[in-house]
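Data first, discussion second: the structure below is written as structure tokens.
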Amino acid sequence: MESKKPILEMVGISKSFPGVKALQDVHIKAYGGKVLALLGENGAGKSTLMKIVSGVYKKDEGKIIVDGDEIEIHGIKHAESLGITIIHQELSVLPNLTVAQNIFLGNEKFSKGTRKINKVWMKERSKYFLDQIGCNINPNTLVKDINLGDMQMIEIAKALTKNSSVIIMDEPTTALTDVETQKLFQVIRKLKEKGIAIIYISHRMDEIFQICDSITVLRDGKYIGSVETKDVTKDDLITMMVGRKLEEQFPYKEVEKENVLLKVENLSMKDKVKNVSFEIRSGEILGVSGLMGAGRTELAKTIFGDYKKDSGEIYVDGEKVNINSPKDAIKYGICYLSEDRKQEGLILNMSVAQNITLPNLISYENKMKRIDKKSEKKEVEEYIKRLSIKTPNQEQLVKNLSGGNQQKVILAKWLMRSPKVLIVDEPTKGIDVGAKKEIYEVLNKLKSMGKAVIMISSDMAEILGVSDRVMVMHEGKVTGELKREEATQESIMKYAIGV
Ligand SMILES: Nc1ncnc2c1ncn2[C@@H]1O[C@H](COP(=O)(O)OP(=O)(O)OP(=O)(O)O)[C@@H](O)[C@H]1O
Ligand SMILES: [Mg+2]
């Protein structure tokens, strides 16, 4: 379905927060039946722009034109009544309610003449909307019992109930498996057929090329340009995003490997981790590959003492250790950056500096009996620089940082503990291309400092580009190990599917 006039147009949009010019004269056009990608580095202003059009924030300047009419958007409900719905970076479903209750949350239907919620009607309507996107979850299921992919579907069904003509998806796939992502794309194609305009934010370049018709690029809050997907290459887009050519996406350097820092022997945990043995030396990055559900995160959490092992031994620096909790693991110099960043306990109402230093206070205090504010401040500054955390200063509250920059704060927090063994789980999820490279540099730096890094990743290019060695898991077992020279997409996939 082709339409010539945009359903939604934003013209000359500017927005400032204290100390931050988040958007400066930005424009976009979204057409019915088309997917528009919004692309840009962490902190470029993507979410802010979308929060403006969906009524979360007020713009300072500029015009918003919906269906040809200029409109002042007063709030979320107003935006929704205009047909504009946003599915935020952080999903907002309520786990203890049913699918149907979530879909009609805030728009409950009451039985005629009563204050009683009409459950039958809501269930039927939910089913109707779920059917429209080819999703067959039971509307009576509690949301906590369904997977993340289906939660996305609920958010989309919810958008459909509001008769949306523009649906905004802010990084919808960061927590989805490949299969779930493909399912989402099918749904997006269905939405396109209905003539809905989709605005799609993602850091995953492959997805942009699979699903988006056109792309608007922002950099540092400024409008860089809009292009048709068919006219550009990945490299073109990266250049637009970061303002320069990224020479080498995966900087790799081999360093001298020394003693074995971590040795895991016959580790088992329930039916999730089965008899896993491996070792890693100082100066080494071990990539851990596998499909979703292969047990990689469970393995990491068992080593870290988050899950109780059933059997097996762990040796650090040649000595057998007894790890019963994350606290023990940290004591032995093992740190784990979890894939579920929410659990990492960022304290949103505290500053960047406080968040970075928070878990370190204890060790600082013990060592020096008092916190040396000055050296701490300097160290925080260094991490902000090294990870290019985009913030006006270290006193900024973490809740005001963009999604990707919040993640960098977590990484900084762990790096400041200077662990011997660092386990990172999907370290670049939600992180832009430029910053990804910086994170790889940090991992390389750790390696050259004689640390060991275990990197769990579902990003094949990252596994191949960064690892010294790749270990592949399938259904809780290690099914293969490949040297850097031997590792290819094919060889890894073969082990990952367990043949
Ligand atoms: N409520 C706020 N208060 C202060 N600054 C803010 C606020 N919201 C966003 N910012 C700042 O505005 C800039 C743009 O942030 P935004 O969240 O739009 O980035 P983004 O492009 O979505 O990045 P990411 O890819 O990391 O999600 C950032 O510098 C961010 O710190
Ligand atoms: Mg964002």
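- For the atom pair Ser457 OG and Glu462 CD, the distance stands at 3.5 Å (nearest 0.5 Å).
- Using a cut-off of 4.0 Å between Lys/Arg side-chain N and Asp/Glu carboxylate O, Lys263 and Glu265 are scored as salt-bridged.
- Proximity of Ile199 to Val35: side-chain heavy atoms (C-beta onward) are nowhere separated by under 4.5 Å.
- The stretch residues 305-324 participates, sequence neighbours left out, in no ring pair (Phe, Tyr, Trp, His ring centres under 6.0 Å) pair at all.
- Remark: the Asp236 side chain and the Thr233 side chain contain an N/O donor-acceptor pair separated by less than 3.5 Å.
- Considering only residues two or more places apart in sequence or on other chains, Tyr200 meets the ring-ring contact (aromatic ring centres under 6.0 Å, His included) condition with none of them.
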Between side-chain atoms of residues 153-160 and protein atoms elsewhere (two or more places apart, or another chain), which donor-acceptor pairs fall under 3.5 Å?
{"unit_1": "Glu155", "atom_1": "OE2", "unit_2": "Ser92", "atom_2": "N", "d": "2.8"}
{"unit_1": "Glu155", "atom_1": "OE2", "unit_2": "Ser92", "atom_2": "OG", "d": "3.4"}

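- With hydrogens and angles disregarded, no donor-acceptor distance shorter than 3.5 Å links the side chain of Lys309 to the backbone of Ile303.
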Can you check salt bridge (charged side-chain N to carboxylate O under 4.0 Å, His left out) on Lys447 and Glu284, steps first, answer last? CA-CA 6 Å; Lys447 180 166 115 170; Glu284 202 178 15; over 6 Å; no
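- For the pair Thr141 (side chain) and Asn138 (backbone), a donor-acceptor distance under 3.5 Å is present.
- Atoms NE2 and CD1, from His203 and Ile208 in turn, are 9.5 Å apart once rounded to the nearest 0.5 Å.
- We find the CG-CE distance between Leu39 and Met205 to be 5.0 Å, quoted to the nearest 0.5 Å.
- Side chains of Glu171 and Ser202: no donor on one and acceptor on the other come within 3.5 Å.
- Between the CG atom in Asn355 and the CD atom in Gln396 there is a gap of 12.0 Å [rounded to 0.5 Å].
- A side chain to side chain donor-acceptor pair (under 3.5 Å) check over residues 319-329, counting only residues at least two apart or in different chains, returns nothing.
- The pair Lys429-Glu426 does not count as a salt bridge, with every side-chain nitrogen at least 4.0 angstrom from each carboxylate oxygen.
- Evaluation of the salt bridge (Lys or Arg N to Asp or Glu O under 4.0 Å) test over residues 346-357, restricted to residues two or more places apart or in two chains, returns none.
- Residues in residues 439-494 take part in these ring pair (Phe, Tyr, Trp, His ring centres under 6.0 Å) pairs, two or more places apart or across chains: Phe250-Tyr440.
- The local environment of NZ in Lys190 is crowded, with over 12 non-hydrogen atoms from other residues, nucleotides or ligands closer than 6.0 Å.
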Would you sort out whether Asp317 and Lys420 count as a salt bridge (charged side-chain N to carboxylate O under 4.0 Å, His left out), showing the intermediate values? CA-CA 9 Å; Asp317 252 344; Lys420 271 187 212 158; 3.3 Å; yes
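- The two residues Ala435 and Asp432 make their nearest non-hydrogen contact at N-OD1, 2.8 Å.
- The salt bridge (Lys or Arg N to Asp or Glu O under 4.0 Å) pairs that include a residue from residues 389-402 number zero, where partners must be two or more places apart or lie in different chains.
- For Asn102, the side-chain hydrogen bond (donor to acceptor under 3.5 Å, both in side chains) criterion is met by no residue, not counting sequence neighbours.
- If you check the side chains of Asn444 and Tyr252, you find no donor sitting under 3.5 Å from an acceptor.
- A donor-acceptor pair shorter than 3.5 Å cannot be found between the side chains of Thr181 and Glu207.
- Applying the side chain to side chain donor-acceptor pair (under 3.5 Å) test to every pair with at least one member in residues 267-282, sequence neighbours left out, gives these pairs: Asn266-Ser277.
- In the model, Asp170 has a side-chain atom that pairs as donor or acceptor with a side-chain atom of Ser47 under 3.5 Å.
- Legend: residues meeting ring-ring contact (aromatic ring centres under 6.0 Å, His included) with Phe209, ordered by chain and number and at least two apart, are absent.
- Taking 4.0 Å as the cut-off between side-chain N and carboxylate O, Lys183 and Asp150 count as a salt-bridged pair.
- Residue Ile285 is tested with Val255, Val466, Val424 for a side-chain contact (heavy atoms from CB on, under 4.5 Å); the sole match is Val466.
- A 6.0 Å sphere centred on NZ of Lys445 holds no more than 12 heavy atoms belonging to other residues, nucleotides or ligands.
- The aromatic ring centroids of Tyr332 and Phe304 lie 6.0 Å or more from each other.
- Interatomic distance, Ile454 CD1 to Arg469 CZ, rounded to the nearest 0.5 Å: 9.5 Å.
- Under a 3.5 Å cut-off, the side chain of Arg219 and the backbone N or O of Met240 do form a donor-acceptor pair.
- Closest approach of Cys335 to Pro419, counting heavy atoms only: SG-CB, 3.6 Å.
- Using a 3.5 Å distance cut-off with no hydrogens or angles, the side chains of Ser402 and Asn405 do pair a donor with an acceptor.
- With hydrogens and angles left out, the side-chain atoms of Gln152 and Glu180 include no donor and acceptor closer than 3.5 Å.
- Between the CE atom in Met169 and the CD1 atom in Ile211 there is a gap of 9.0 Å [rounded to 0.5 Å].
- Sparse packing is recorded around NZ of Lys477, with 12 or fewer heavy atoms of other residues, nucleotides or ligands lying under 6.0 Å away.
- Within a 6.0 Å radius of CD in Glu441, more than 12 heavy atoms belonging to other residues, nucleotides or ligands are found.
- Partners of Phe129 under the ring-ring contact (aromatic ring centres under 6.0 Å, His included) rule, at least two apart in sequence or in another chain, do not exist in this structure.
- Thr216 is linked by a side-chain hydrogen bond (donor to acceptor under 3.5 Å, both in side chains) to Ser226, counting only residues two or more places apart in sequence or in another chain.
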